[in-house]
Amino acid sequence: MLAIPTPRIHQRLKQVLLLASGSALAAIIVTMWVTEDLAFYLRWPLVALLVVLVSVVWMSVLRRQVVILVEVPLAQCVEAAEAIADGDNSRRVPVGQTHEFARLATSINRMTEQMLAATQSRMRIEKLATMGRIAAGISHEIGNPISAIANYAHVLRMRTGDLPGTTEPLDALEREIARIDRIMRGLLDYARPRRLTPRPIVVDEVIDDVVRLLDDQGVVRRFRVTRGLEAPDGVVYAERHDLEQVFVNLLLNAVDAMDREGDVVISSRINDAASFAESIDKRRTDPTPQRWTHRPSKRALAWLARTESPSWFLQIVIADSGTGVAPEDEDRIFEPFFSTKQPGKGTGLGLAIVASTIENLGGTIWVQNAREGGAAFVILLPLHAGASGLPVVAWDGRPAAP
């Protein structure tokens with residue numbers, strides 16, 4: 001749907017003044033024509049009185065237009081800016097009726113969104129630093145006792161053998177020890193930096209391998225997995241293990257969100273910033289009349305607004321027909337230890353690790369409602385030089401040999 005361009009202030013004033021002046025001139029001409037037969041001393045005072053009244057009306061119209069077009073939107077901008085400065089992060093400047101104030105409102109709102117994104121990023125970095133220190137300390141203090149407990153559990157199992165009543169408690173003990181170990185490893189993977197050895201990776205191939213792996217393990221056999229991978233040139237500069245971990249976590253999260261059966265749709269394509277900015281996103285397989293409108297994501301807008309953001313990028317969507325994500329949880333779902341699952345069903349670190357990995361690759365991720373009825377996780381990743389016809393660059397940064 002095309003946006004209707006807003007007029008400029010001088011254009012609106014010109015239109016109003018031309019209309020008012022034309023009406024005043026017509027009124028004077030009609031008055032002079034009607035009073036043509038009156039005596040001189042009666043006619044011209046009436047004409048003079050009409051000119052005065054027309055001037056007063058003309059000035060009133062001009063003043064009202066200045067108030068509507070300039071003073072009111074300017075006061076709204078000042079009021080909204082003061083509210084934002086006072087900490088009301090939800091406040092936005094209403095879009096004005098003219099081109100100038102529409103651009104001013106858009107710029108202020110965009111600046112506010114970027115300021116909030118920068119604040120959240122800084123808070124996340126501080127949280128990561130704190131968690132890194134905590135994770136290192138906990139790993140050292142708890143890791144050795146947990147290993148000792150696991151060894152003792154193994155010794156108990158060997159000594160008790162098939163003694164009635166011991167198998168079930170030992171199984172539960174080892175299961176909980178493994179759960180603690182998973183939590184610790186997830187916390188360390190999220191918080192600590194790793195030495196990376198990235199190389200050009202075709203993302204569609206990674207997705208195919210992950211789906212095949214989960215299918216061989218029987219994880220997705222009860223679900224209908226539809227792949228619309230349309231980016232054979234979608235090459236990103238990353239570690240294959242990191243990408244595999246991202247897609248495994250997202251697919252397992254989709255499976256957990258559904259009960260016994262459902263649909264999982266995975267799509268990929270190379271997109272550009274101009275096309276992505278459109279609010280209506282349509283799949284090629286959708287019926288022509290169908291349209292699904294999504295509100296712009298704050299994460300996506302902040303990512304696209306960066307000076308280093310690419311004009312072309314790889315877009316990946318993993319959608320399911322599960323329970324979805326509540327609107328109030330869309331921003332919190334990537335926080336560590338935040339989980340919508342039942343207690344004991346998850347550590348709350350899977351999506352946090354996914355978001356951290358994607359951001360380390362220079363991309364972004366967010367969640368929105370899926371047309372399948374559940375949640376749709378959207379990933380944007382910068383393309384590696386060599387994708388989409390760009391010059392191929394080797395993984396170590398040197399131009400590749402022909």
Side-chain angles (χ1 to χ4, degrees), residues 1-12 68-127 270-281 292-315 317 325 327-335 355 358-369 376-383:
M1 182 177 180
L2 297 177
I4 300 176
T6 53
R8 296 182 179 272
I9 294 178
H10 69 87
Q11 293 174 339
R12 287 288 297 272
I68 294 175
L69 300 178
V70 180
E71 294 182 5
V72 171
L74 185 60
Q76 291 175 341
C77 290
V78 172
E79 182 182 358
E82 291 178 349
I84 294 171
D86 291 336
D88 186 2
N89 295 330
S90 62
R91 189 66 176 270
R92 296 295 181 268
V93 180
V95 179
Q97 301 179 10
T98 59
H99 176 75
E100 290 81 1
F101 280 102
R103 288 190 62 188
L104 178 61
T106 302
S107 299
I108 293 177
N109 293 337
R110 181 182 176 188
M111 179 186 65
T112 304
E113 296 287 351
Q114 293 182 3
M115 180 183 66
L116 292 177
T119 302
Q120 293 174 356
S121 177
R122 185 176 66 252
M123 292 175 60
R124 182 178 176 277
I125 292 173
E126 294 174 355
K127 186 185 297 184
I270 296 177
N271 207 345
D272 64 288
S275 299
F276 179 79
E278 298 178 359
S279 60
I280 296 176
D281 186 14
W292 286 264
T293 303
H294 295 295
R295 56 188 174 85
S297 165
K298 295 180 181 179
R299 286 172 173 258
L301 294 177
W303 188 75
L304 291 172
R306 300 184 311 172
T307 55
E308 66 271 20
S309 291
S311 56
W312 290 85
F313 47 82
L314 178 63
Q315 177 180 336
V317 181
V325 178
E328 60 270 17
D329 295 335
E330 289 181 358
D331 291 331
R332 298 187 58 198
I333 199 168
F334 298 105
E335 295 179 2
I358 294 298
E359 290 171 3
N360 289 338
L361 296 177
T364 187
I365 181 174
W366 71 94
V367 64
Q368 63 189 22
N369 292 330
F377 287 88
V378 186
I379 301 173
L380 304 184
L381 288 173
L383 291 169

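Not measured: the values here are computed from a predicted model. Values below: every heavy atom of this structure, side chains too, minus hydrogens, waters and symmetry copies.
- Of all heavy-atom pairs between Trp303 and Pro382, the closest is CZ2-CD, 4.2 Å.
- The minimum heavy-atom distance linking Leu380 with Ile358 is given by the pair O-CG2, 4.4 Å.
- Between atom CH2 of residue Trp312 and atom CG of residue Asn271 there is a gap of 7.5 Å, rounded to the nearest 0.5 Å.
- When the options Val378, Ile379, Ile333 are evaluated for a side-chain contact (heavy atoms from CB on, under 4.5 Å) with Trp366, the one that passes is Val378.
- Nearest approach of Val325 to Asn369, heavy atoms of both residues: O-OD1, 4.1 Å.
- Scanning for salt bridge (charged side-chain N to carboxylate O under 4.0 Å, His left out) contacts around Glu82 gives an empty result, with sequence neighbours left out.
- Minimum heavy-atom separation, Leu381 to Gly363: CD2-CA, 4.2 Å.
- In this structure Phe377 satisfies the ring-ring contact (aromatic ring centres under 6.0 Å, His included) test with no other residue, sequence neighbours excluded.
- The CD1 atom of Ile108 sits 11.5 Å away from the CZ atom of Arg92 when rounded to the nearest 0.5 Å.
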